[in-house]
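Worksheet for the structure shown next.
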Amino acid sequence: MNSGDKRSMLQMVGFEFRKVIGNPYVHIFGVGMPVLMMIIITRVITGEVAEEALLSSMKTSVFLGIGTLIPMASIFMGYGISNAQELEKGIPQRMELFGIKTGVTLFSRILSELIFMSAAFCVYFAVGYVLGDYSTPRAAGAILYVVCILGLSVILFCLAHAISSMLRRFSLTYCVTMLLYFGFMILGGMMGITYDNMPSAVQAAARMLPVTYINRDFYLVWSGERYNFIPMLQSYLLFGALAGILMFFSARRRKLH
């Protein structure tokens with residue numbers, strides 16, 4: 001890549017990042033809501049649990065689980081809605097007419113989304129560690145948390161792109177992504193119903209979602225305890241395969257039209 005291409009790529013990333021920070025949904029649902037839920041739920045736990053060791057583990061588990069709302073909101077819902085709006089207005093087609101390839105656009109978009117998500121996590125962790133008393137992670141646990149969040153973010157980006165590309169309308173995409181967003185929260189055990197209290201059919205659906213394992217089990221990894229990663233890895237593969245299949249069909253639909 002020559003200097004001109006690098007400059008163009010940086011300009012594209014800057015352009016996409018300005019679009020991300022101009023989207024009010026990502027600030028409300030991707031930053032404000034996770035911070036608010038983390039504060040409220042940990043305060044409730046503090047008032048109900050007296051044992052210090054148990055309290056710290058429960059608060060840390062909630063803290064790590066609520067963190068998954070950031071990529072779910074900022075990337076899945078925020079990007080999906082933004083992409084649908086652009087498709088409605090024919091912006092991607094006009095960009096292609098100016099010689100901007102689809103691959104370059106997608107790369108700059110996901111990079112800008114990850115930059116925003118990283119900033120949102122910095123705010124989330126800063127507020128959490130100022131207001132809460134959470135367990136200090138082992139180095140391996142912290143690294144694995146970052147890896148799991150990045151993997152989830154990429155899958156959610158692909159899923160959001162596929163849904164918005166197939167629906168191609170803001171209203172439909174907003175409805176579908178919002179329903180899935182809250183569905184993921186419910187199945188992931190973040191809406192007051194834990195995995196153990198779900199019916200067996202609902203548990204089967206919950207096991208397909210990486211957020212279920214991050215919310216339910218990641219405290220063990222965070223603390224450096226032994227953990228069986230196979231079910232979590234299977235959920236990533238299944239969820240990723242679903243996103244990949246939808247991406248394939250959305251690409252085929254785009255070529256046909």
Side-chain angles (χ1 to χ4, degrees), residues 17-49 54-82 110 112-137 141-157 160 174 177-194 209-219 221-223:
F17 184 70
R18 286 192 294 273
K19 287 198 307 183
V20 173
I21 61 177
N23 185 346
Y25 296 99
V26 300
H27 297 286
I28 296 170
F29 293 100
V31 182
M33 188 172 177
V35 170
L36 186 62
M37 285 189 65
M38 175 261 295
I39 293 172
I40 292 173
I41 295 175
T42 52
R43 291 290 171 85
V44 171
I45 292 172
T46 301
E48 293 182 351
V49 180
L54 179 60
L55 175 62
S56 179
S57 66
M58 289 182 65
K59 288 170 65 176
T60 304
S61 183
V62 168
F63 178 69
L64 297 174
I66 295 296
T68 59
L69 294 183
I70 296 174
M72 283 166 54
S74 64
I75 294 180
F76 177 65
M77 193 168 70
Y79 171 72
I81 292 169
S82 176
I110 193 168
S112 64
E113 293 284 351
L114 291 175
I115 292 170
F116 178 84
M117 188 190 71
S118 300
F121 264 105
C122 288
V123 173
Y124 180 75
F125 271 80
V127 173
Y129 273 89
V130 167
L131 299 180
D133 180 23
Y134 302 110
S135 302
T136 302
I143 292 170
L144 285 170
Y145 185 75
V146 172
V147 170
C148 288
I149 291 294
L150 286 175
L152 177 63
S153 301
V154 172
I155 295 172
L156 289 172
F157 179 87
Y174 179 80
T177 53
M178 180 68 80
L179 288 173
L180 288 174
Y181 172 77
F182 283 107
F184 294 158
M185 288 179 65
I186 293 170
L187 292 174
M190 289 177 275
M191 296 290 282
I193 305 174
T194 62
L209 299 176
V211 293
T212 300
Y213 300 94
I214 297 175
N215 183 60
R216 188 186 65 180
D217 301 333
F218 213 89
Y219 172 75
V221 182
W222 185 261
S223 305

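None of these values were measured; they are calculated from a predicted model.
- Note: Leu114 CG to Phe121 CZ = 11.0 Å, rounded to the nearest 0.5 Å.
- Contact of the Ser153 side chain with the Ile149 side chain is registered, since non-hydrogen atoms from C-beta on lie closer than 4.5 Å.
- In this structure Thr60 satisfies the side chain to side chain donor-acceptor pair (under 3.5 Å) test together with Ser135, sequence neighbours excluded.
- The minimum heavy-atom distance linking Met38 with Val127 is given by the pair CE-CG1, 4.1 Å.
- No side-chain donor-acceptor contact under 3.5 Å links His27 to the backbone of Gly32.
- Scanning all heavy atoms of the two residues, the minimum distance from Asn215 to Gly188 falls at ND2-O, 2.8 Å.
- Atom OG of residue Ser61 and atom CG of residue Asp217 lie 8.0 Å apart, to the nearest 0.5 angstrom.
- If you take CD1 on Ile115 and CD on Glu113, they are separated by 10.0 Å, rounding to the nearest 0.5 Å.
- Atom CG of residue Leu64 and atom CD1 of residue Ile214 lie 9.0 Å apart, to the nearest 0.5 angstrom.
- In this structure the side chain of Thr177 never reaches within 4.5 angstrom of the side chain of Tyr79, judged on heavy atoms.
- The side-chain heavy atoms of Phe125 and Phe63, taken from C-beta on, include a pair separated by under 4.5 Å.
- Two rings, from Phe76 and Tyr181, have their centers 6.0 Å or more apart.
- Heavy-atom minimum distance, Pro71 versus Met117: CB-SD, 3.6 Å.
- Nearest heavy atoms, Leu187 versus Thr212: O-OG1, 3.4 Å.
- The two residues Trp222 and Pro137 come nearest to each other via the heavy atoms CE2-CB, 3.2 Å.
- Between Leu209 atom CG and Met185 atom CE the span is 13.0 Å, to the nearest 0.5 Å.
- Atom CZ of Phe182 sits about 9.0 Å away from atom CE of Met72, to the nearest 0.5 Å.
- With Ser74 contributing its side chain and Ile70 its backbone, the two residues share a donor-acceptor pair below 3.5 Å.
- No side-chain heavy atom of Leu152 sits less than 4.5 Å from a side-chain heavy atom of Ile75.
- Tyr124 and Pro34 make their closest contact through CE1-O, 3.6 Å (heavy atoms, listed as atom of the first residue, atom of the second, distance).
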